[in-house]
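First listed ligand is number 1; within each ligand, the first listed atom is number 1. Computed from a predicted model, the values in this text were never measured in an experiment.
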Amino acid sequence: MSIIKLHDKFFKPYISKDIIAEAVKKLAKQIGKDCKNETPVFIGILNGSFMFIADFVRKYKFNCEVSFVKLASYEGTNSTGNIKELVGLNQDLEGRTVVILEDIIDTGNTLQQIYEIFKDKKVKQLKIATLFYKPDVFKKDLKIDYIGISIPDVFIVGYGLDYDGIGRNHSSIYQLTTEPKFKNILLFGPPGVGKGTQADLLKEKYNLVHISTGDVFRSHMKKETKLGKLAKSYIDKGNLVPDEVTIKMLKGVVTKHKNANGFIFDGFPRTTEQAKALDLFLESHGQTIGGMIALEVPTKLLIARLLERGKTSGRVDDQDENKILNRFNEYFTKTEILKDYYKSQNKYFGVNGVGEISEITERLSKVLDNL
Ligand code: IMP
Ligand code: MG
């Protein structure tokens, strides 16, 4: 699950399938308890309620009738100008128990119309059930008998609910959010490919914050923090630091730069688990990954580059060919999987990493500008 765009607006995940299913089941149980001795007529108010009704009636264990209506206003043809009719109500409901099934009750205007329309239908009883309800917005003195999930005053889509016609087909609920900053990018590629160099240039050009897991680790190790010592024991062997340690540290850095234009993540994520954790974390801040940009350089060239760097950088993991090979192994066996993860979201971009530094920056910028 990630942020979706409908027309001009962005929506972030809000209520999961499981929580919806639980609420629907609970409603079916409650209504069943009250109505099991008769055959109620369930009336779904279209369009929004179609998904809710379909799930609801399958959880309802007793005899019932199911019907759908649509509200239509006949403005101009009626003296009040605003009276609505239930289109499709072609059934005599006299003496029946009627349960209105609404997807959402917001201001209660619709509900008021429903009560109005049923005044002269001579039903035995009229009950109202709604899956979602906004208590902060509802201002009417009207009875709602069954409520699935109360939500604050937020605009939601999915599970039958739409934004200007679209979004109904999502099986969970999303809420309106601000436009994510598209400049969150992942710089990707095997060790020595030039990620650090390019990240420095790109962060200037686009006013981004560069987060290099390696740098964060090395800074912790230099200060000999608890986390640093732990990280060191993995890094010195050329192994990856465990996910939960890495993610914790990254969250710290992102949270510190709340007002950044965006982030360049370098050296993270390295596994699908980390990628998912990063998505979840960014979404909770209304953000998303704009793209994964991978620098591509032949392996032979990379080993030579790393050994050269090891002579001056003092990095233990750059000085030994076996350790370098171990890091490549890690990269190609675990990390390459990430390509598929981002490819499936149309967020993967491969960039030729051989050439002059400025040339490569140019290539990267082209991708960034088009994100
Ligand atoms: P009312 O304000 O209670 O009359 O609700 C009117 C209608 O507005 C509902 O039946 C929905 O179709 C729509 N609506 C209200 N709140 C939302 C929302 O958060 N998302 C999508 N549609 C909504
Ligand atoms: Mg509705």
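The proximity of V154 to ligand 1, defined as any non-hydrogen pair under 4.0 Å, is limited to the backbone. In D162, the part holding a heavy atom less than 4.0 Å from any atom of ligand 1 is the backbone.
For ligand 1 and D106, the ligand atoms under 4.0 Å from any heavy atom of the residue are 1 (P), 2 (O), 3 (O), 5 (O), 15 (C), 16 (N). The ligand atoms of ligand 1 that sit less than 4.0 angstrom from a heavy atom of N109 are 4 (O). Within ligand 1, the atoms closer than 4.0 Å to a non-hydrogen atom of T110 are 1 (P), 4 (O), 5 (O), 6 (C), numbered from 1 in the order shown. Taking a cut-off of under 4.0 Å to the non-hydrogen atoms of K134, the atoms of ligand 1 that pass are 16 (N), 17 (C), 18 (C), 19 (O). Listed by number with element, the atoms of ligand 1 under 4.0 Å from a non-hydrogen atom of I105 are 3 (O).
Paired with D266 under the rule side chain to side chain donor-acceptor pair (under 3.5 Å), one option of H210, Q198, K203 passes, and it is H210.
Remark: ligand 1 and V157 share no N or O pair separated by less than 3.5 Å (distance only, no angle test).
Put simply, the side chain of K347 never gets that close to the backbone of S344: no donor and acceptor are under 3.5 Å apart. A donor-acceptor contact shorter than 3.5 Å is absent between the side chain of K70 and the backbone of L86. Side-chain atoms of Q274 come within 3.5 Å of backbone atoms of R270 as a donor-acceptor pair (strictly under, hydrogens ignored).
Taking the charged nitrogens against the carboxylate oxygens, D369 and K366 have no contact shorter than 4.0 Å, which rules out a salt bridge. Electrostatic pairing of K143 and D145 counts as a salt bridge here, judged by a charged N lying under 4.0 Å from a carboxylate O.
Ligand 1 lies out of reach of V137, whose nearest heavy atom is not under 4.0 Å from it. For the pair G48 and ligand 1, no heavy-atom separation below 4.0 Å is found.
Of the options L46, D103, I156, T130, the smallest heavy-atom separation from atom 20 (N) of ligand 1 is shown by I156. Counting heavy atoms only, I104 comes closest to atom 9 (C) of ligand 1 of the residues N47, I104, L71.
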**OP:** Carefully, step by step, assess N326 and K237 under the rule side-chain hydrogen bond (donor to acceptor under 3.5 Å, both in side chains).
**Re:** CA-CA 9 Å; N326 193 9; K237 292 192 194 88; over 6 Å; no
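Considering all non-hydrogen atoms of both residues, R363 and V354 come closest at NH1-O, 3.1 Å.
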